[in-house]
Q: 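The structure that follows is given in the form of C-alpha cells.
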Amino acid sequence: MRVLGIETSCDETGVAVYDTSTGLRAHALFSQVALHADYGGVVPELASRDHVRKLLPLIRGALAESGLAVTDLDGIAYTAGPGLAGALMVGAAAGQALAWALDLPSIGVHHMEGHLLAPLLEADPPVPPFVALLVSGGHTQLVAVEGIGRYRMLGESLDDAAGEAFDKTAKLMGLPYPGGPELARIAEGGRPGAYKFSRPMTSQPGLDFSFSGLKTQVLLAWQASDRSDTARADIARGFEDAVVDTLAIKCGRALDAAGTDQLVVAGGVGANRRLRARLQALADRRGGRVSFPRPEFCTDNGAMIAFAGALRLAAGQHGDTSVTVHPRWDMAGLSPV
Ligand code: KG4
Ligand code: ZN
C-alpha cells in the first residue's frame with residue numbers, strides 16, 4: 001500500500017510517500033523558520049498561509065522523487081492534530097480533497113503518534129511493548145506503548161514542554177529563534193558544572209515533569225553573570241545537563257514502572273546529542289535498548305505521518321470525508337491497530 005503523508009501542524013510543511021512493502025520512497029520538507037524568526041516565535045496566521053503556498057509543490061516533488069504518479073497512491077494520511085488549527089486545516093483540506101478526487105481512503109493522524117512511531121522507520125525497529133519518551137516543542141510525555149495505538153500515559157509535563165524550555169531559555173539569553181538547537185550548540189563549548197541547576201521533580205516519586213522553574217533559575221544566573229559568551233555557554237551547558245539528567249532519571253523510573261528495558265525516544269529534543277548519549281548509557285547500564293529516529297525525523301516531518309497513517313490504513317482503518325481537525329487531542333483515546 002502506497003500512502004501519501006502530509007504534515008502541517010506547526011511551522012514545517014512535510015510530505016512523504018510510504019510504501020508498506022518497500023518502505024519510505026520519498027520525503028520533502030520546507031521549514032518556515034526564516035518566516036517566523038523576526039517575531040521570535042511561530043505566528044499562526046503566517047504559518048497557515050505558507051503551508052498553502054508550499055504544500056502542493058512539495059507533494060509534486062515527493063511524488064516525482066518516489067517515481068509514482070498520483071494515481072498510483074492507495075491512501076492519504078494527514079496530521080489532524082494536535083497543533084495550530086489553521087495550519088492543520090491546510091493539510092486536512094488538501095488531504096481530503098486529494099482523497100475525494102482520487103477516490104482513496106484517508107486518515108487523520110495524531111501528530112504525537114507520528115513522532116512516537118518515527119523510530120520504527122529505522123532498520124531493526126523496536127517492537128512493543130516499550131516505553132516512549134516524547135520530547136517536542138509542545139509535549140513532554142512518557143508513554144507505555146503496549147501495541148500500535150495502545151498508549152498508556154505514565155507522566156507528562158505540568159507546564160513547559162522540554163523543547164519549549166530550551167526555546168524560552170535560549171531567548172532570555174539573547175539567542176536567535178528557534179533557540180533549542182542553538183542553545184545545544186553553544187552548550188558544547190560550556191564547562192560542565194560551572195552552573196548547577198535543579199533537576200525538577202526528581203526528589204519526589206512520580207513521572208511528571210515541570211520545566212518552567214528552570215527558566216527562572218537560568219534568568220537569575222544570566223542576570224547575575226557578566227553576560228559574556230563564556231557565561232552564556234556555561235549556563236547553556238548547566239541548563240542542558242539539568243534537562244537531560246531530569247529526563248534520564250524519569251526514563252529509568254518509567255522503564256521500572258512498565259517492566260521493560262526497551263526505550264524509544266522521539267520529538268524535536270530527541271535530536272539533542274547529549275540526551276541521546278545519556279539515554280544510550282542508561283539503556284546499556286540496564287542491558288536494554290534505546291531507539292531514536294535519525295535526527296531529521298526527530299523534528300516535524302511528513303515521513304512519520306505517512307508511516308503512522310499507512311499502518312492504520314493497511315489495517316482497514318480510515319476516516320470519513322469531512323475536513324475535521326483536533327487542535328487538542330488526547331493520544332490515550334486512539335484506537336488500537
Ligand atoms: O517535534 P518538533 O519539531 O515540533 C513539535 O512538535 O513541537 O520539536 C521542536 C522542538 C523545539 O522546541 C526545538 O527547540 C527542539 O525541538 N529541538 C531541540 C534540538 N533540536 C530541536 N532541543 C534541544 N536540542 C536540540 N538539538
Ligand atoms: Zn512535532
Side-chain angles (χ1 to χ4, degrees), residues 5-14 27 29-33 36-37 40-42 44 47 78-84 87-88 91 109-119 132-141 156-157 159-173 175-188 190 209 211-212 214-215 218 236-237 239-248 264-279 292-305 307-308 327-329 331:
I6 299 173
E7 157 62 37
T8 63
S9 69
C10 190
D11 59 346
E12 249 107 33
T13 320
H27 66 98
L29 186 86
F30 181 82
S31 168
Q32 301 178 356
V33 159
H36 302 291
V42 179
Y78 58 88
T79 304
L84 302 170
L88 289 165
V109 173
H110 192 292
H111 180 82
M112 296 312 293
E113 179 176 57
H115 275 302
L116 191 156
L117 298 178
L133 171 70
L134 304 180
V135 271
S136 72
H139 296 82
T140 300
Q141 297 174 328
E156 59 192 324
S157 180
D159 41 57
D160 292 353
E164 189 179 2
F166 263 91
D167 294 338
K168 288 179 173 173
T169 300
K171 194 171 180 174
L172 68 85
M173 290 201 294
L175 296 176
Y177 164 87
E182 185 63 12
L183 188 138
R185 196 183 62 75
I186 283 176
E188 290 299 310
F209 303 92
F211 289 113
S212 73
L214 261 182
K215 198 174 54 202
V218 169
R237 178 64 194 262
F239 168 81
E240 186 181 55
D241 282 345
V243 173
V244 166
D245 238 22
T246 305
L247 292 172
V264 156
V265 184
V269 185
N272 185 278
R273 281 182 43 204
R274 213 169 291 283
L275 179 66
R276 291 169 88 102
R278 182 78 157 76
L279 295 178
F292 307 93
R294 69 196 82 167
E296 70 175 318
F297 291 165
C298 284
T299 45
D300 292 348
N301 64 85
M304 66 186 196
I305 302 304
F307 179 63
R328 290 175 165 274
W329 188 3
M331 201 168 63

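The analysis underlying the following values was restricted to heavy atoms, covering all of them including side chains, and did not include hydrogens, waters or symmetry mates. Just so you know, ligand 1 is whichever comes first in the structure, and atom 1 is the first atom listed for that ligand.
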Q: Could you tell me whether the side chain of His139 reaches within less than 4.5 Å of the side chain of Pro82, counting heavy atoms only?
A: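 Answer yes - side chains close enough.
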
Q: With heavy-atom distances below 4.5 Å as the criterion, would you say the side chains of His27 and Glu296 are in contact?
A: yes

Q: I need the atoms of ligand 1 closer than 4.0 Å to a non-hydrogen atom of Gly163, numbered in the order shown.
A: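 Taking each heavy atom of Gly163 in turn, ligand 1 has 12 (O) under 4.0 Å.
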
Q: Ignoring angles and geometry beyond distance, decide whether Phe166 reaches within less than 3.5 Å of ligand 1 through its nitrogen or oxygen atoms.
A: no

Q: Should Pro178 and His36 count as side-chain neighbours, where that means a heavy-atom distance under 4.5 Å?
A: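 The answer is no, as the side chains (C-beta and beyond) never meet within the 4.5 Å cut-off.
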
Q: Just so I know, are the side chains of Gln32 and Thr13 near enough to count as touching, which here means a heavy-atom distance under 4.5 Å?
A: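 Gln32 vs Thr13: side chains touch.
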
Q: Between Thr8 (side chain only) and Ala87 (backbone N and O only), is there a donor and an acceptor less than 3.5 Å apart?
A: yes

Q: Measure the distance from atom 14 (O) of ligand 1 to every protein heavy atom, then report the residue, atom name and distance (to 0.1 Å) of the closest one.
A: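 It is Asp167 OD1, 2.5 Å.
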
Q: So which protein heavy atom does atom 21 (C) of ligand 1 come closest to, and at what separation?
A: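 That would be Gly268 O, 3.3 Å.
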
Q: Identify, for atom 2 (P) of ligand 1, the protein heavy atom at the shortest distance, and state residue, atom and that distance.
A: Asp300 OD1, 3.4 Å

Q: Students often mix this up, so state it plainly: with edges at 30° and 60°, are the rings of Phe211 and Phe209 parallel, tilted or perpendicular?
A: parallel

Q: When you check the space around the Zn ion (ligand 2), which protein N, O or S atoms turn up under 2.8 Å?
A: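 Less than 2.8 Å away from the Zn ion (ligand 2) sit His111 NE2, His115 NE2, Asp300 OD1.
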
Q: Please name all residues satisfying ring pair (Phe, Tyr, Trp, His ring centres under 6.0 Å) with Phe166, sequence neighbours left out, ordered by chain then number.
A: Phe239

Q: Would you say ligand 1 has an N or O under 3.5 Å from any N or O of Gly267?
A: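 There is no such contact.
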
Q: Can you sort out which atoms of ligand 1 are near His115, meaning under 4.0 Å from one of its heavy atoms?
A: 1 (O), 6 (O)

Q: Find all atoms of ligand 1 within a distance of less than 4.0 Å from any non-hydrogen atom belonging to Gly138, and give their numbers and elements.
A: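 So the atoms of ligand 1 that pass are 7 (O).
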
Q: Tell me the protein heavy atom at minimum distance from atom 24 (N) of ligand 1, and give that distance in Å.
A: Asn272 ND2, 3.0 Å

Q: Tell me whether Thr299 has any N or O atom under 3.5 angstrom from an N or O of ligand 1.
A: no

Q: List every atom of ligand 1 that sits less than 4.0 Å from any heavy atom of Gly137, numbering the atoms from 1 in the order shown and giving each element.
A: 5 (C), 7 (O), 8 (O), 9 (C), 10 (C), 12 (O)

Q: For His111, counting its heavy atoms only, list the atoms of ligand 1 lying under 4.0 Å from any of them.
A: 6 (O)

Q: Only counting residues at least two apart or in another chain, list the ones meeting side chain to side chain donor-acceptor pair (under 3.5 Å) with Asp245.
A: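 Result, side chain to side chain donor-acceptor pair (under 3.5 Å) vs Asp245: Arg199, Arg278.
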
Q: Any heavy-atom pair between the side chains of Leu116 and Met331 that's under 4.5 Å?
A: yes

Q: Using heavy atoms and a 4.0 Å limit, tell me yes or no: is Cys10 in contact with ligand 1?
A: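 Judged by the 4.0 Å heavy-atom criterion, Cys10 does not count as contacting ligand 1.
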
Q: Once you measure the plane-to-plane angle for His110 and Trp329, does it fall in the parallel (<30°), tilted (30-60°) or perpendicular (>60°) bin?
A: tilted

Q: Considering distance alone, does some N or O of Ala184 sit under 3.5 Å from an N or O of ligand 1?
A: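 No; every N/O pair is 3.5 Å or more apart.
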
Q: Should Lys171 and Asp167 count as an ion pair when the cut-off is N to O under 4.0 Å?
A: no

Q: Which residues pass the side-chain contact (heavy atoms from CB on, under 4.5 Å) test with Glu12, sequence neighbours left out?
A: Leu29, Ser31, Asp300

Q: Would you indicate whether the side-chain heavy atoms of Leu247 and Val265 approach each other to under 4.5 Å?
A: no

